[in-house]
There are 2 protein chains.
Amino acid sequence: MPAIEREITRFQDFLSRQGQKLTQERTSLVREIFSTHYHFEADELLFKMKQKSVKISRATVYRTLELLVKSGLVRRVHLGEEHYHYEHVRGDSHHDHLVCTACGSVIEFNDPELEQRQLDICARKKFTPTFHNLQILGVCDSCHRKGEQPASPDRVMTIGEGAMKLRK
Amino acid sequence: MPAIEREITRFQDFLSRQGQKLTQERTSLVREIFSTHYHFEADELLFKMKQKSVKISRATVYRTLELLVKSGLVRRVHLGEEHYHYEHVRGDSHHDHLVCTACGSVIEFNDPELEQRQLDICARKKFTPTFHNLQILGVCDSCHRKGEQPASPDRVMTIGEGAMKLRK
DNA sequence: ATGATGTTGAGACTGAGTCTCAGGTGCGGA
DNA sequence: TCCGCACCTGAGACTCAGTCTCAACATCAT
Ligand SMILES: [Mn+2]
Ligand SMILES: [Mn+2]
Ligand SMILES: [Zn+2]
Ligand SMILES: [Zn+2]
């Protein structure tokens, strides 16, 4: 009955449709991913599992994320850094992101008018869109008040704490 | 008098303002970058220089691209692949991209209404934008007519020929 | 319960991008 | 014009995200 169990069932349905199996590792990853709403990196997820003493290899984390993206349970997004971030999907709540280059915070927004305008542009160019990725980088309200300056477009910023790398 | 010389002068101005120097290597890179309009990868640029027997190291290509981005002469964009693409900037012709996941072609568009809508969203969220990155992935007209299917969001596509890697 | 088939973990591997440092170069000042 | 010093370059080591390999293991339809 908890919502997470339902996501696990959806994942199992997806997997069995492809002749694939729901394993302990995959289950605990889904549980972790759906337990909070945030934008995480693959290695960050690996680290969290380690912290919780759930033994899962890097390879399995990456393989499972790929499956979750294919199944539609997880979305892979660019947030202005060099690597991907992931976030779980509930329902079909599409949104895009404002990313603060000063503090790394991420603001989500969903603007139907903006989405429609994109469709109009595609129609005009006879282009059939399948998905899109929009990040607006800048400075959030609280950082702006602190006098933080905007970063230049080549800045590599840090979203959250980062993955606290501890490979090996 | 050729336009390229003007870009080189602008680059030199930028450099000397920082106490940095215009070198042979930097000059020939600017010349190459502004000689055609396309979306290129760093290693692709390196390869082109090799083809033209202009000896430049990988490190210098990356370092110069960073300087060019800082100076505003070059823009770094995400086009749905795992690594960056670059394009030269003439004037302030901001645009975003439609990327065909079937053939890799890139369509540029500039839609003031879309841009304005983004500013409105930022204002509503009290967010001070500095720049943004929008890619719409899908299938272009000619690929659509050939019956090409849209790729899934985790697809890694190939834009252009790729860099024809030949590191070493 | 069983076994065919899919999955896992350790670690090697890849590819883009960064860093180091010894030797080379641009250019402002004399 | 020449000099010197700060800046720049190339070769290759290094980093880091992500992928692959393969022997041992787990899942689940039957
Ligand atoms: Mn989000
Ligand atoms: Mn472009
Ligand atoms: Zn902020
Ligand atoms: Zn196409």
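As the structure is a computational prediction, the values presented were derived from the model and not from experiment. First the proteins, then the strands, lettered A, B, ... as listed; each starts at 1.
Regarding contacts with the backbone of C:dA16, every side-chain N or O of B:Arg58 stays at 4.0 angstrom or more from both OP1 and OP2. One finds a side-chain N or O of A:Tyr62 lying less than 4.0 angstrom from the OP1 or OP2 phosphate oxygen of D:dG18.
Atom CG in B:Leu15 sits roughly 7 Å away from atom P in D:dC8 (whole-Å rounding). In this structure, CZ of A:Phe11 is placed 13 Å from C1' of C:dG6, rounded to the nearest angstrom. Following rounding to the nearest Å, A:Glu66 (CD) and D:dC20 (C1') show an atom-to-atom distance of 12 Å. Taking atom CG of B:Leu46 as the reference point, atom P of C:dG15 lies 15 Å away to the nearest angstrom. Atom CG of A:Leu65 and atom C1' of D:dG18 are 11 Å apart (whole Å). Rounded to whole Å, the distance from NE2 on A:His85 to P on D:dG18 is 10 Å. With rounding to whole Å, B:Asp43 atom CG is found 16 Å from C:dT14 atom P. Rounded to whole Å, the distance from CG on B:Leu29 to C1' on D:dG10 is 14 Å.
Checked for salt-bridge contact, A:Glu87 and A:Arg76 miss the test: no charged N lies under 4.0 Å from a carboxylate O.
Distance CG/A:Leu79 to CG/A:Asn133: 8.0 Å, rounded to 0.5 Å. Put simply, CD on A:Gln118 and CG on B:Leu134 are 5.0 Å apart, with the number rounded to the nearest 0.5 Å.
Side-chain atoms of A:Thr60 lie closest to C:dT8 of the nucleotides C:dG17, D:dG18, C:dT8.
Tracing side-chain contacts under 4.5 Å through hydrophobic residues (I, L, V, M, F, W, Y), one never reaches B:Leu114 starting from A:Leu137; they form parts of separate clusters.
Aromatic ring pairs are classed by plane angle as parallel below 30°, tilted from 30° to 60° and perpendicular above 60°; the pair A:Phe34 and A:His88 is parallel. Between B:Phe14 and B:Phe11, the ring planes are parallel. Angles under 30° get that label, and only those over 60° would be called perpendicular.
Exactly one residue among B:Tyr84, B:Phe131, B:Tyr86 makes a ring pair (Phe, Tyr, Trp, His ring centres under 6.0 Å) with B:His78. That residue is B:Tyr84.
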| said: Treating primed atoms plus P, OP1 and OP2 as sugar-phosphate and everything else as base, which nucleotides of nucleotides 21-30 of chain D get B, S or - for protein heavy atoms under 4.0 Å? | reply: B-----BS--

